[in-house]
Amino acid sequence: MCRAMTKKDELLLIQPCQKCMMAASLGRRDKKATATRLKADLNRTDNSSGVRQLQELLDAVLNPEKPAADTEALDWCKCLIAGGEGFEDFCKTVRSYDNATLCGLVWTANFVAYRCRTCGISPCMSLCAECFNNGDHTGHDFNMFRSQAGGACDCGDSNVMRESGFCRRHRLRTGENVPSIPRDLLLMSEMVLPRFILCIIQYLRDGYIEPDTSTERDLQKVLQQLEPQISFLEELTKMGGAMRTVLTKILTNQQTFKDLSMDAGQSVGQRKRVKLSSNTKDPCIIESLKHKCFLEELLFWTIKYEFPQKMVTFLLNMLPDQDYKITFTKTFVQHYAFIMKTLMKSHESDTMSNRIVHISVQLFSNEELARHVTEECQLLDIMVTVLLYMMESCLIKSELQDEENSRHVVVNCSEALLKNNTYWPLVSDFINILSHQSVAKNFLEDHSLLMLWMSFVSFFQGMNLNKRELNEHVEFESQTYYAAFAAELEACAQPMWGLLTHCKVKETQEYTKTVVRYCLETLQIWFDAIGFIDEPAPNQVTFHLPLHRYYAMFLSKAVKCQGLDLDSLLPDQEMLMKIMVHPLQIQACLSEIHSNMWVRNGLQIKGQAMTYVQSHFCNSMIDPDIYLLQVCASRLDPDYFISSVFERFKVVDLLTMASQHQNAVLDSEQERPMLEGALTFLVILTSLRVHLGMTDDEILRAEMVSQLCMNDRTHSALLDLIPENPNPKSGIVPGSCSFEEMLSAVADFKAPVFEPGGSMQQGMYTPKAEVWEKEFDPIMVVLRTVYRRDVQSAMDRYSAFLKQSGIHTGNPWPPYKERTPLHPCYKGLTKLLHCKTLHIVIFTLLYKIWMDHQNMSEHVLCMVLYLIELGLDNQEPCIEEHCHDSWFPGTNLLSNLHHVINFVRVRVPETAPEVKREAPPSTSTEASSYAQVFSLVAERRRKFQEIINRSNTEATQVVRPKSSSTRWVPPGTPPQLVTEILEIRESMLSLLIKLHQKLSSKQNSLSASWLEDMDTSRHTHGDGITAIERILTKAAMRSCQIKRSIQDICGKVCPPVPPKKNSPTDKKTMDKEERRQRARERQQKLLAEFASRQKSFMETAMDVESPDTEAAMDLGASEVMESEVLYDCVICGQSGPSTEDRPTGLVVLLQASSVLGHRCKSKEAKKLPTSDEEHIYAADTCGVAHDVRLTLMQQFFKDSSCLQSVSIGWDGGVYVQTCGHTLHIDCHKSYMESLRNDQVLQGFSVDKGEFTCPLCRQFANSVLPCRPGRETEAGAWHTPTNKKTFVLVKEVEDLQEKLGPFPTESNLSKEMELVIKDIKNTTQKKYMDYGKNPGSPDNDFLFMYSVARTNLELELVHRGGNLCSGGASAAAKRSCLNQLFHVLAMHMRLYSIDSAYNPWTKLTQLFDMSGFDEKRPEVPMLFRDVPSLLIIFVLTMPQPLRKEHFTCVVKMLYNLQFTQALAALSTKFSPEERQAWSTSGALKKNAANAETSFEVLLSHVISELSKDNSVYKVNAEETLMVSVWSPQSIEFSLQQFCLPFLRLSCLLQHHLYGDNLTSCLEEEEFSSLAVCLGLLSSAPPSNTVHSASCLKWAVSTFDLVSQWCTEVTGLFQMQAEQSLTLLVQEPQWASPRLLQLPDNYNIIFQYYHRKACTACKKVPKDPALCLVCGTFVCLKGVCCKQQGICECVLHSQHCGAATGIFLLINASVIIIIRGHRFCLWGSVYLDAHGEEDRDLRRGKPLFLCEERYRVLEQQWVSHTFDHINKRWGPHYNGL
Ligand SMILES: [Zn+2]
Ligand SMILES: [Zn+2]
Ligand SMILES: [Zn+2]
Ligand SMILES: [Zn+2]
Ligand SMILES: [Zn+2]
Ligand SMILES: [Zn+2]
Ligand SMILES: [Zn+2]
Ligand SMILES: [Zn+2]
């Protein structure tokens, strides 16, 4: 037997044993027969021989010594399992027994799945697209998402989601009506698969090499070889429930494993095992190696091989089998530690993390299962232990506080483990299982686990310590703070919020108490470990205090939801004092960072500060800190607390009443911002109620209001900015207000608008007026802002609102907002507002502001007033202190307000002005004995000692180390200070009144009677004066004593101390400043003027929407009328005519366009296909129709003649547009030279001649020379004529023969040829060479007159497809047809038409048809395109052309056009009808006006075309015309046929002669145009106009018509159908349209994101869709690249002549490709809130915004992409 071999023997491998050879050859002969026979044998009752034979066969086939890549074994297994059947058939049969009630579809990364928050029980719930679409989720909160780590469909699993969300298929419980499986169907599978799996395991064992001995690649190689086998297993799992059961039984059966693997294990397996176990130290891992079933060993190898995708999918595919799921989960838990160890060692931890989570999320999201493994397998212990174990690997000594002796350890944030988030899968699993109530309970009840967890959290306490750089700038900016914040938020905060959700009711009080207790214990340990006593180490800060935050949040929940008493959870005073220190340090540091005191630490420190306050994380960072400080403040001595704050903010020295002071710790420019910071912090601390009494709804409302006040927000931005905790945004919690309800209560929706030429707005939410009035809370805004400018923005918006609603017109101060009452537990907080220390500070600051001391600001006053007002609103019983040295008699603000301070003792530098002043002699004794001294630091020291002593007397006397107290003395030699006594004699009240006078700059601004009508409500909004008035009113209302004092002070005529505001030096700087200011203003005015000039040009040139009537830019019209045309050069500014020597030119943009070619017959736009059944056919487009026509002509007629009978340029024609600005061509050249030298990146390529108009900045790429001096001919042009028709016809003929004066070589002619070259270079070669002889002049001729045609046709399109709206239009502004025509005509003069073949003669003369037998005749007149003939005639005659000649040409051509109309019409008749019209017309042939009667002419045409090779023969078969033609309908049809020609002629006449276009009704267009062209002398009433009456024949009508008809009927070599095709031209085309899109984006997405490209047959990674033609392409794909050009760019060249509009399927946005550049245009799909969802990140339903789509179409049709979109970049052919 093969397995007898004991080791790898190469020899043996080369020479396999005899038996194997035999078996193999046997197999090759007939596997099928063997399988059938074996199956029959095994089915017998005595199957022993069958079993034996099978074993032998398998021994031979599944030989692990054979190379794994050999697929022979696999073939054998397939054959055997199918039992002789074909494998595909077998699969089908098995599938029909599928009894699965769960979907269980497993997907990998990037798969698009759905999540429904309404249906989900677990937040991880997800559905596959099929199940989602087959379920009913209308009105649910769902979204689509792209899977990051892979997942599985939960449909049918009622543990994870509500049954109402199941899809139709999985709701039906298919299991019940599936027939039971026939016994023998899976018999072979049961026998063969165990061996097959064993074989795979053996390969895995053999292939594994420890990572240290080899590289990664070897693992990959093994996996690659095993790929077919594993894929086969995966395939089996997809065969439905029946096969899954077989597989899972084999995998979990311990006996099978024992039998088989013991056999095999003795040889190969064990060797590996021994090796493994010697390598591992951890006992739990060795234990897990004792595998008891295949599943365990398979999982083991899956881990070792770092989770190969196929293996993962295989293992997950079987999860719908419940027994398997349980066993697998247990196995997974057993291997958990091992998994994490492997993860830590992995080089590709990202991929591995994803794969781990892919599995674990399937297992742990199910509460039942999670609880089961928690109880049976100690899942929680394992997880916490593994987490600890993991973090222990990267600990360092903490340097916080005591650098040398600290015993605390923290994680090192620069370790890969943290930087790469390697711990993420673990933490994610942990959070997942904690979301289950039963599991969380287990955790909270297990005290040792809690202890363990707290020690885990303390690893993050104080991590990423910042030390302030005082001297040098930090060498490199470490980015470790990302890792630190991520770790705290993910590893600490997330589990905390998870636990908190289970501690929300009274019943769970005990849990909270336990957590709080362990928190405090751990904190105490931490304080001891870092050696903390009472003072924080200077210049250090860490933003990471997770222990504090755990403590804070559990406290908050306890008080708010569980009715616990705060005091029962608080530690002693000393501990509170310690707890307060670090959070306070962070607040002070925030202020320091903003005051630029940390600049030397680099930008990253700002990053930390911003992340810390960031509203998205605030609930886990700043909010708990502030709350904890509030708790401390409510319990600690207020004087101690207040002085600590000012000391931490380093502004103690500033709080002196002396005019000068010295600050040992702050530079003077930092004093003001630090003081502002300290006061703002105090205001926040005393006014914020987020955790002190606000309900969740109130919090949500306040958060929303503050975000909206800063800026209008989109729905998604707002959703993102509001923290999830403590208020869930989705409104799942019953009774709480949902996000949406709240939003509609506080905000108005501003629908998305589009500004023409501007940016596209999204739907925005803006605060309601009453919110501005009542709810705007500047304090909340300050708390939530990362940038100072956001506060400014909120204030600006606030003052705009006040102005608009007429409430206040000046510059308002931040409004004061009433607060939610404090929860009784926190009442102590108001003591802060009623303490002497704060009152002294307030008094001092009021005094300093009044005295204009240095470093005071409006902001300081504002905050001081805010504090006073808060104190008035939060009264506190007064505590009288009979202390002599105190400034104030008690602690109550109200009574202290009017307490007068007479003298203050200050220490000032000797240089201060106070020193020289003599103390008033009369009061000197009083002063020296009663002068108040105040030292904040001393105050705090005293209080601290008091508190310590208090607690110490109770405990044993512990001697505090004295070392810490020495730090209070500022280092360095103390400056020379002298003590002075200041006479003050003011109270807070009197200072307030004086400040009022000062602010209003009026003496006695408050009269004594002012208080008579007290109404605080009118003082809500306003400036500082209003604020003071409001405070005084409030104070007076609360106390009559105060009221009296105010009246006293106001009544006194007090000459205010003249504030010595402007010292001479001040004045000097002021003047300088003022001068600078004025200069700046002047400069700005100039700039503004220039900008507005530019802007007005922009507007007139770019306004594509409004058809405004000003025709200033209508150069075509205005120039002709003027006698001398002068041009302004926008470069040199000079004005003058364009001359041969120094020509002037128009700034133009040349672009190739296929817009005309994409027009269809139908006015309805084509629909974008969204299923395999729908298609778009291109055959009916204008471009294709013309191509077909030209090709058909070229088959039968002379090429040169064909090339004159039809226009090209429908696809790839050149469109010329101008911004209307002119410049000297030589000026332009030097301008281009300067652009080339300009090193600044311009976004366009100068090498390609691209530039922007120097005046209006519009994109351009050429200059079209203006023709000089036309004024002399102007008169002659318009002379009305009375010449006879035949005379004019003759004159035209002569003109055509005559060669015009050949242009002399001049600068102008050179420029003209250059622009012709530019035009040719604009489009691709294939759009120019239509002739049979490439490069022949005929091609050039065709191309040139077609350029004129393209521009005329496009202008018609831009005018709306007709000329009813008259002369001026937006389109006219961009038109430069007159100049273009001139340039083309100059060029066309180089060619002459062979006079023998001049169509003019055929149009106006009768001649014998001798040349007819030519092999390739000329194109018959009836086949020719009449507008093309017009353009050819005009362009080839000498310029300028007299108008009489132009009119003559039009008249002659109209005859032809009309005859073509008759011919085309006649083909539409049924034979009978035709006969009838022919007869009736013939009767009138002799009437007087027969030549202008359509009936006669129609009859004549019918009879002529019926001759010989009649075109009517074809029609015979399809004459089922229902309609009967009346004279009216015939007239209408003839007019419609001729109208396009008339329009084109009229437009041309307008541009050549400046004739005005008159506006008219649509039904009058024909007559109006006919009059304009001189075909009719005056307009008859519209219903009586006859198209035939416009005919003017030069020769015998009937003979000429006969001649034209004979040309057609004489074409014997042509088939009648072909003649018919050419005869029936349809000149009417509808306006160009983009494809019609479905309303719901999901319809597009579902069909196209999985659709395979027709070129490469693969599903593109970035699919895109052409919105012009519907072609599906691979954006950026290498798969479809041709000659280095990607498919999207290629398509833009084919489809739009280098312009392409593509919808990116996976992003829902549109990109525009224009030549070598591209831009992101935006999206036409918006969500319910009017927002784009680029890249489908939110995955909410998107709907078509018709307005935006119309704008896109408009830009396409008007060729204005270049002008309107600003952000272009080169695509390097890579799209
Ligand atoms: Zn599904
Ligand atoms: Zn389903
Ligand atoms: Zn749902
Ligand atoms: Zn110039
Ligand atoms: Zn311009
Ligand atoms: Zn296309
Ligand atoms: Zn493709
Ligand atoms: Zn492709």
Side-chain angles (χ1 to χ4, degrees), residues 95 98-107 110-116 118-122 125-138 140 142 144 151-178 238 240-241 244 316-317 319-321 362 1169 1646-1667 1669-1695 1700 1702-1706 1711 1713 1771 1773-1775:
R95 252 187 221 118
D98 184 12
N99 54 1
T101 56
L102 302 174
C103 173
L105 180 83
V106 174
W107 58 74
N110 263 327
F111 185 89
V112 173
Y114 288 83
R115 179 161 289 152
C116 179
T118 317
C119 294
I121 294 170
S122 156
M125 165 272 203
S126 53
L127 292 172
C128 68
E130 201 186 340
C131 286
F132 177 82
N133 288 323
N134 284 326
D136 183 14
H137 300 274
T138 26
H140 290 191
F142 65 83
M144 185 175 81
C153 180
D154 290 318
C155 188
D157 187 348
S158 54
N159 282 311
V160 182
M161 63 181 286
R162 278 169 250 281
E163 278 181 45
S164 55
F166 293 175
C167 75
R168 252 173 282 132
R169 201 157 75 94
H170 297 117
R171 203 173 351 193
L172 286 179
R173 305 216 157 270
T174 42
E176 284 147 27
N177 25 22
V178 163
K238 289 182 182 157
R244 273 204 298 257
L316 287 177
N317 273 342
L319 284 181
D321 185 306
Q362 312 305 329
Q1646 286 305 338
Y1647 180 61
Y1648 285 104
H1649 95 274
R1650 281 180 295 189
K1651 189 179 158 77
C1653 164
T1654 42
C1656 68
K1657 310 282 182 242
K1658 277 184 279 191
V1659 176
K1661 199 173 146 277
D1662 281 310
L1665 201 56
C1666 172
L1667 289 180
C1669 71
T1671 300
F1672 183 70
V1673 291
C1674 309
L1675 181 81
K1676 300 184 207 159
V1678 192
C1679 47
C1680 289
K1681 213 168 182 172
Q1682 284 175 31
Q1683 281 118 38
I1685 306 176
C1686 282
E1687 201 177 13
C1688 226
V1689 176
L1690 268 178
H1691 182 75
S1692 75
Q1693 291 168 358
H1694 291 313
C1695 170
F1702 296 95
L1703 172 64
L1704 309 190
I1705 300 296
N1706 288 341
I1711 58 162
I1713 293 180
H1771 54 60
N1773 294 332
L1775 289 179

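As the structure lists them, so they are numbered: ligands from 1, and atoms in each ligand from 1. The structure displayed is predicted, hence computed values, not measured ones.
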Any side-chain heavy-atom pair from I1685 and Q1682 closer than 4.5 angstrom? no
Looking at the Zn ion (ligand 2), is there an N, O or S atom belonging to C153 that lies under 2.8 Å away from it? no
Reported CG-to-OG distance for the pair L102 and S158, which is rounded to 0.5 angstrom: 8.5 Å
What is the name of the N/O/S atom of E1687 that is nearest to the Zn ion (ligand 7)? OE1
Are side-chain heavy atoms of I1705 and K1651 found at a separation under 4.5 Å? no
Whether C103 has an N, O or S atom under 2.8 Å from the Zn ion (ligand 2): no
Answer whether the closest heavy-atom distance between the side chains of V112 and H1649 falls below 4.5 Å. yes
Any side-chain heavy-atom pair of C1674 and C1656 under 4.5 Å: yes
With the side chain counted from C-beta on, respond yes when C153 and Y114 share a heavy-atom pair under 4.5 Å apart, and no when they do not. no
Measuring to the Zn ion (ligand 7), does C1656 have an N/O/S atom at a distance below 2.8 Å? no
Please state the angle at the Zn ion (ligand 2) spanned by SG of C155 and ND1 of H170: what is it, rounded to 10 degrees? 110°
Any N/O/S atom from C1674 (main chain or side chain) under 2.8 Å of the Zn ion (ligand 7)? yes
Presence of N, O or S from C131 under 2.8 Å of the Zn ion (ligand 2): yes
